[in-house]
2 protein chains.
Amino acid sequence: MVMPAPALAGPGGAAPGSVGDVRRSNLALVLGAIAEFPPGTHPSRAQVAGATGLTKASVSSLVLDLLDAGIIREIGLNPQGRGRPGVGLELSPSRAVMGMEINVDYISAAVVDLAGTVLLRELQERDNRNSQDMPVLAALAVLAARVRSTAGEQGVEILGGGLAVPGLVDPAGARVLTAPNLGWVNVYLDLDALLPEAALGVELFNEANAAALAELRHRPDGASNFLFVSGEVGVGGGIVIGSELFTGPGGHAGEVGHIVVDPDGGHCSCGGTGCLETVAGQDAIFSAAGLAPEGGSRSATMSALLRALESGVPKAVSAVERAGYCLGMALASTARVVDIDSVVLGGHFAVLEPWLRAPLLNSLHKYAPGKYASEHVTVSAVGEFGALLGAAGSVIRSLVEAPHRLHA
Amino acid sequence: MVMPAPALAGPGGAAPGSVGDVRRSNLALVLGAIAEFPPGTHPSRAQVAGATGLTKASVSSLVLDLLDAGIIREIGLNPQGRGRPGVGLELSPSRAVMGMEINVDYISAAVVDLAGTVLLRELQERDNRNSQDMPVLAALAVLAARVRSTAGEQGVEILGGGLAVPGLVDPAGARVLTAPNLGWVNVYLDLDALLPEAALGVELFNEANAAALAELRHRPDGASNFLFVSGEVGVGGGIVIGSELFTGPGGHAGEVGHIVVDPDGGHCSCGGTGCLETVAGQDAIFSAAGLAPEGGSRSATMSALLRALESGVPKAVSAVERAGYCLGMALASTARVVDIDSVVLGGHFAVLEPWLRAPLLNSLHKYAPGKYASEHVTVSAVGEFGALLGAAGSVIRSLVEAPHRLHA
DNA sequence: CTCATATAGTTCAGGCAATGAACTAAAGCT
DNA sequence: AGCTTTAGTTCATTGCCTGAACTATATGAG
């Protein structure tokens with residue numbers, strides 16, 4: 001397949017292109033090629049040249065810049081059979097990024113190296129329901145500082161961070177627009193306080209979006225177009241198209257939890273009616289299954305639901321079946337709107353998949369025949385740490401795509 | 001606002017950037033600046049330099065290339081008050097593109113100059129229902145040749161063309177995958193036969209997508225994010241985000257006609273169940289209104305429907321109200337998936353808007369409160385020639401974005 | 001009428017980045 | 001030991017943008 005001709009500036013972007021942009025672009029190209037080599041194998045400059053289409057001379061020069069910036073390092077030799085062996089190149093293991101998460105029941109921070117490996121992870125239980133933002137952020141800052149200093153003792157430098165939050169966010173403005181389960185509305189987060197003096201600062205992400213990005217990286221099938229649906233208290237989603245997160249014009253695309261699946265249904269927290277969330281959200285499933293969400297923690301209730309399903313309690317089974325069926329309707333509509341035909345189930349959808357799967361497939365077959373093959377309905381590969389990994393991964397990726405931001 | 005840093009090659013695209021790409025990119029930047037100047041005003045090189053951020057020297061050189069390629073021309077002088085007057089630049093009026101359309105009841109061809117003005121238009125009635133593709137294409141080729149020669153007599157050269165078809169298309173493969181109302185399934189179209197030896201060849205478009213692009217250009221409010229829904233025999237749609245058509249990974253995004261609005265509804269031609277099209281497509285509305293679509297032409301039936309609405313025939317009114325209400329549900333879901341909050345109604349939705357509007361707004365308010373303001377629900381500005389204009393406009397735009405394709 | 005001023009557009013030296021060819025380096029094979 | 005093969009570097013060349021100097025052409029003041 002022929003690659004599209006590169007375009008320097010978009011049609012709207014009135015940025016003039018100069019020769020320096022070429023270097024920035026090629027720097028990213030080279031770094032990307034090194035990053036995308038199968039883990040364990042360390043490409044030589046010559047291999048990078050082959051992969052990128054650049055000449056050996058250019059690659060040598062670009063690699064030098066990346067070495068100077070400390071983003072990559074040389075490691076060992078790489079015999080190719082005959083001839084002079086190449087010098088292996090890899091992403092520097094002493095540079096890393098911090099993934100952070102604020103969720104309803106906990107806060108968490110992890111150090112992820114540039115290759116995507118989790119070096120350290122700490123989780124701190126904390127009831128953030130209807131919490132104030134300041135204390136939560138302060139607690140997270142303490143946690144982050146501790147993890148950071150542990151990493152520092154191992155010679156790992158933190159370049160930047162990503163924070164995932166369960167709610168609608170405005171990344172540019174560092175604002176959480178609304179996070180119903182935290183009780184936050186339009187709060188500004190002082191992100192830089194989380195990682196003082198980190199070279200790249202801290203970026204903000206929606207939880208489901210971040211998790212979708214983590215899936216992208218860790219999918220065994222290597223799919224680059226899919227919808228990630230995350231069942232939590234609410235139902236979130238992230239759309240990945242062409243290995244990119246599709247955020248829509250306002251940055252809030254993929255909110256599949258609020259697709260209408262029951263025109264005559266009940267009210268939703270979003271103000272709408274008959275949203276998927278009112279059928280397939282945790283509270284909805286619990287109450288339809290006859291389990292009280294109030295008595296005890298949410299995870300305890302989930303365990304109770306699983307026990308009920310295993311022993312075949314009719315009310316529980318039909319609650320989950322209804323959720324699966326309605327999820328299918330929402331996915332059918334989504335397929336039509338964004339032309340996607342593969343789904344990854346996360347959150348409680350992953351846990352409930354054995355019971356959800358059949359009604360989900362039925363429903364997909366009924367409402368969008370031919371769109372989703374059964375093997376394209378899969379379960380999350382990253383599990384509950386998806387948001388954390390995705391937030392970190394996204395920051396790493398933006399670094400790989402614009403390495404010139406690191407002094408070079 | 002700070003413009004995003006230009007990126008030469010995408011993350012996936014393994015195309016190396018060389019210095020020549022800078023020129024290509026800047027060529028497009030300059031041409032785009034000239035094209036986007038308010039019609040009637042002809043910018044000077046100095047003004048272009050100001051608008052693009054390039055130096056006067058670079059602009060002079062780039063403009064020279066564009067003049068040589070015949071894409072622009074110098075026109076008159078442009079006094080700026082004091083000082084030497086600038087030389088006006090404009091898109092060449094003697095270069096044009098042909099927009100073509102194959103629809104159920106007609107074929108059509110128009111010549112559109114680079115500024116987007118329609119110079120010539122011919123429409124030929126023709127019943128293409130369940131037609132063979134070859135004769136239709138042959139008839140269109142004859143029509144196109146005639147229009148082209150008329151244009152040639154006026155000194156206008158046709159650089160390329162765009163063909164809009166009511167069905168799913170594969171533009172790269174020049175294939176119509178399925179066009180239910182033409183009865184076409186996976187037919188290859190010999191597009192180049194339509195405009196032999198045109199410099200840029202002929203591109204293929206989905207009708208609703210092309211119409212969406214035409215809206216983009218002709219919208220009085222200048223909106224750059226909206227959903228265009230076109231009511232025809234089927235219900236088509238085109239999503240415009242950031243002034244770009246959003247096509248999705250497979251190129252078939254925006255098929256809002258097959259969003260599920262009635263889970264217990266009837267079968268749809270797509271194989272699904274309860275699709276919007278089964279409620280708001282022309283045949284569905286006609287039959288719910290008690291009008292026979294068989295007796296007489298479709299436009300006659302539409303006239304009958306309008307008369308019935310004007311005299312308040314209850315069945316007709318409620319059929320259209322139901323269509324509007326269900327359209328609202330589909331738009332509500334679409335808003336959630338792609339984060340769009342503005343709609344343009346085309347096709348019969350535009351004609352029926354006086355009766356559709358109230359139920360549509362009610363439904364939007366109920367299912368997606370706060371998403372669509374009333375003033376963001378508007379009627380098509382281009383009318384029935386949208387597909388034609390959009391197909392041509394898209395070809396023009398791709399030329400403006402890659403002018404180096406013309407010998408230069 | 002002439003000269004100062006302001007703006008448009010061109011010319012030219014300088015710098016930067018990629019290229020391709022020539023060259024050096026370091027292995028395996030015979 | 002010598003040939004071959006592959007990795008990586010050096011260097012002259014080319015292309016493009018930039019900024020400064022320069023030419024061209026208008027208005028307006030004296």
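Reminder, nothing fancy here: chain letters follow the sequence lines and each chain counts from 1. Heavy-atom basis, side chains included; hydrogens, waters and symmetry copies ignored.
- The backbone N or O of A/Asp113 sits nowhere less than 3.5 Å from a side-chain atom of A/Thr117 that would complete a donor-acceptor pair.
- The two residues B/Val59 and B/Val48 make their nearest non-hydrogen contact at CG1-CG1, 3.9 Å.
- One interatomic measurement links the two molecules: NZ of B/Lys56 to C1' of C/dT11, which rounds to 12 Å at whole-angstrom precision.
- Between the side chain of A/Asp21 and the backbone N or O of B/Val22, no donor-acceptor pair lies under 3.5 Å.
- Regarding contacts with the backbone of C/dA18, every side-chain N or O of A/Thr55 stays at 4.0 angstrom or more from both OP1 and OP2.
- Atoms NE2 (A/His404) and P (C/dC16) sit 17 Å apart, rounded to a whole Å.
- At whole-Å resolution of the value, CG in A/Asn78 and P in D/dT5 are 20 Å apart.
- Distance CG (A/Leu27) to P (C/dC16): 16 Å, rounded to an integer number of Å.
- B/Leu64 has its CG atom 16 Å from the C1' atom of D/dC17, to the nearest Å.
- Counting heavy atoms of neighbouring residues, nucleotides and ligands inside a 6.0 Å radius, atom CZ of A/Arg219 exceeds 12 of them.
- OP1 and OP2 of D/dC16 both lie 4.0 Å or more from every side-chain N or O belonging to B/Asn26.
- In this structure, A/Asp21 places its CG atom 9 Å from P of D/dT18, rounding to the nearest Å.
- A residue-by-residue look at B/Pro79 and A/Ala57 shows that A/Ala57 has its nearest nucleotide of DNA chain D further toward the 5' end.
- Taking 4.0 angstrom as the limit, A/Ser44 places a side-chain polar atom (N or O) nearer than this to OP1 or OP2 of D/dG8.
- Among the nucleotides D/dG8, D/dT25, D/dT18, the one closest to the side chain of B/Pro85 is D/dT25.
- In this entry the distance linking CG of A/Leu62 with C1' of C/dA18 reads 9 Å, nearest Å.
- Between A/Leu77 and B/Gln47, the residue anchored closer to the 5' end of DNA chain C is B/Gln47, taking for each the nucleotide with the nearest heavy atom.
- When the P atom of D/dC16 is taken as reference, atom CZ of B/Arg23 falls 6 Å away, rounded to whole Å.
- For A/Arg84 and D/dA7, a side-chain-to-base donor-acceptor distance below 3.5 Å is present, hydrogens and geometry of angles not being considered.
- Minimum atom distance to the side chain of A/Val87 is reached by D/dG8, of the listed D/dG8, C/dA17, D/dT18.
- Within 3.5 Å, no donor on the side chain of B/Arg82 pairs with an acceptor on the base of C/dA6, nor the reverse.
- Judged by distance alone, the side chain of B/Glu244 and the main-chain N or O of B/Ile241 form no donor-acceptor pair under 3.5 Å.
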